[in-house]
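Taking it in order: structure first as structure tokens, then the write-up.
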Protein chains: 2
Amino acid sequence: MSASATASNARPGGRPRDGAIDHVVREAARRLLAERGYRALTFETLARETGVPRSMIYRRWPTKTHLANEIAVGGEASFADVIAGGGLEPQMAGLIRQIFARYQVASIAAASVGVIADTQGDRALQAELRGEAEAINRAALRGIVAAGQQAGTIRMDVDGDVLFDMIVGGIVYRTLFSLQPAPSEYVADYTRRIVASIAAPAPPVLSPRQDD
Amino acid sequence: MSASATASNARPGGRPRDGAIDHVVREAARRLLAERGYRALTFETLARETGVPRSMIYRRWPTKTHLANEIAVGGEASFADVIAGGGLEPQMAGLIRQIFARYQVASIAAASVGVIADTQGDRALQAELRGEAEAINRAALRGIVAAGQQAGTIRMDVDGDVLFDMIVGGIVYRTLFSLQPAPSEYVADYTRRIVASIAAPAPPVLSPRQDD
DNA sequence: AGGAATACGGTACACTGTGTAGCGTTACTT
DNA sequence: AAGTAACGCTACACAGTGTACCGTATTCCT
């Protein structure tokens, strides 16, 4: 998304980029991240293991932070996509399963922490790398919350931002620390917890539940 | 805690360690972490800025990961301490305030991510560095949950581990990403949310619908 | 076909940071 | 006085970063 936007700004002349190289390097990076963690991810090692000259890697990603970021957020669809119809519970369950699935990919989790660690104290770089993807998802969740509040299924005092931190933070944290997939009961419990925390109080007796 | 356990194993002879050096370096490290992030934390820089020779720093902390870890978990009292009496709400509020306070210290947050990034893929180092502190706090929360369940204030299906990830994760995540102190309303909202997610259902006076 | 543009493949370099080793000197204990 | 360990300093080997610069190969445009 950020780097290696080859095809888009392809000017007239010139030898075309070899997409295979991008692919090979990315794959090697993912493997390194998953197997040996962010620290082991170096352009030096990537060059050694793929046979791609180091200079070529630099031509695509200015720093390893950029490469890691691409892996961390790459192809990240807005979480809003999955959340189509359904009531509050299935909606949230879908969202949470989605986030869990994403961050349980070891390379993504590893890349994410690495990027965070690397960009601390550099607001410009932070904004450059992480701005979009998260903003999109944050906005998506805010939309869901607003809709739920209109429909009366979500409490009025729920703040989408706080909720976002709680959901994503809890998941990311767990994945990063345990580095083990969460059992499905864990996910279910997590979902229950989130729903309980935002669900509008049970309506008084006069208004019976309609959407069972 | 882990390194620089000077006073404890002070054998008879020999020149005593200069505690001032530990202090100066730690302070500089904290400042670096807070102002410029984990990436800027190097023994080289510490030596340059404090005047302490690099070799002296290595004598106290084998790697910068160890130093960062000391800052990340150093002096970490069990969160159980603050949670004395009171009902569920004030208890949780106290706990959450405590965790917020801790991770809103920029140097602690920065050090924490750094250590995570550095220890990925090295289970031995992970265990060495992070084992104790977190285990203690996790156990403390489990205790609180158990007690609350006995007292009937916390739902029976609440799992202390899941709750721990949710609380700490949300807070850490927010701190790391925003790097700005959470406004007090945020903390209050966060607390409300957690309490809502674990509180036992209100006694079923009017509610026709019992919880399973 | 010729020229412009750009990627490829490789080498070299300056620089920063890591971690280890060794040295004589200093301070404290017995 | 002897023993011990930290101090303060220097040097070294090494890994990784990021930049610059080649000649070569491939493509588009005129």
Side-chain angles (χ1 to χ4, degrees), chain A residues 3-25 28-29 32-33 36-69 114-115 117-119 121-122 125 128, chain B residues 3-25 28-29 32-33 36-69 114-115 117-119 121-122 125 128:
Chain A
S4 71
T6 316
S8 58
N9 51 352
R11 301 252 191 60
R15 177 175 179 169
R17 273 221 178 146
D18 185 350
I21 293 180
D22 296 66
H23 183 257
V24 166
V25 173
L32 265 181
L33 283 167
R36 299 173 47 205
Y38 188 74
R39 212 179 186 193
L41 181 73
T42 69
F43 280 11
E44 196 83 32
T45 306
L46 285 173
R48 217 180 305 121
E49 299 201 350
T50 60
V52 173
R54 205 159 51 89
S55 58
M56 308 247 48
I57 306 180
Y58 273 106
R59 240 168 243 150
R60 279 144 226 263
W61 300 277
T63 72
K64 81 160 176 171
T65 312
H66 287 79
L67 169 56
N69 186 65
V115 171
D118 269 0
T119 56
D122 190 338
L125 185 57
E128 178 191 344
Chain B
S4 72
T6 316
S8 57
N9 51 352
R11 301 254 189 58
R15 179 175 178 168
R17 272 222 177 144
D18 185 351
I21 293 181
D22 297 65
H23 183 256
V24 166
V25 174
L32 265 181
L33 282 166
R36 300 172 47 205
Y38 188 74
R39 211 178 186 194
L41 182 72
T42 69
F43 280 10
E44 195 84 31
T45 306
L46 286 173
R48 216 181 307 121
E49 299 200 351
T50 60
V52 174
R54 204 158 53 88
S55 58
M56 307 247 50
I57 307 181
Y58 273 106
R59 242 169 242 150
R60 280 146 225 260
W61 300 277
T63 72
K64 79 160 178 169
T65 312
H66 287 78
L67 169 56
N69 187 64
V115 171
D118 271 0
T119 55
D122 190 338
L125 185 57
E128 177 190 345

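Chain A is the first sequence line, chain B the second, and so forth, proteins listed ahead of strands; every chain is numbered from 1.
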From [options], pick the nucleotide closest to the side chain of [X]?
{"X": "A/P16", "options": "C/dT18, D/dG16, D/dT26", "result": "D/dT26"}
{"X": "B/R54", "options": "C/dC8, D/dA11, D/dT19", "result": "D/dA11"}
{"X": "A/K64", "options": "C/dG17, D/dG18, D/dT17", "result": "D/dT17"}
{"X": "A/P53", "options": "D/dG16, D/dT27, C/dG10", "result": "C/dG10"}

[X] vs [N]: side-chain N/O to OP1/OP2 distance below 4.0 Å:
{"X": "A/R17", "N": "D/dT27", "value": "no"}
{"X": "B/R15", "N": "C/dT29", "value": "no"}
{"X": "A/R60", "N": "C/dC8", "value": "yes"}

Item checked: First encountered from the 5' end of DNA chain C, between B/Y58 and A/M56 -> A/M56

Next item on the list: Measure from CG on B/L125 to P on C/dG19 and round the result to the nearest Å.
Entry: 11 Å

Next item on the list: Please figure out whether B/R39 or B/D18 has its closest DNA chain D nucleotide nearer the 5' end.
Entry: B/D18

Notebook entry, point to check: With nearest nucleotides of DNA chain D determined for A/R59 and B/R59 from heavy-atom distances, which residue corresponds to the more 5′ nucleotide?
Noted result: B/R59

Notebook entry, point to check: Ignoring hydrogens and angles, does a donor from either the side chain of A/S55 or the base of C/dG10 sit under 3.5 Å from an acceptor on the other?
Noted result: yes

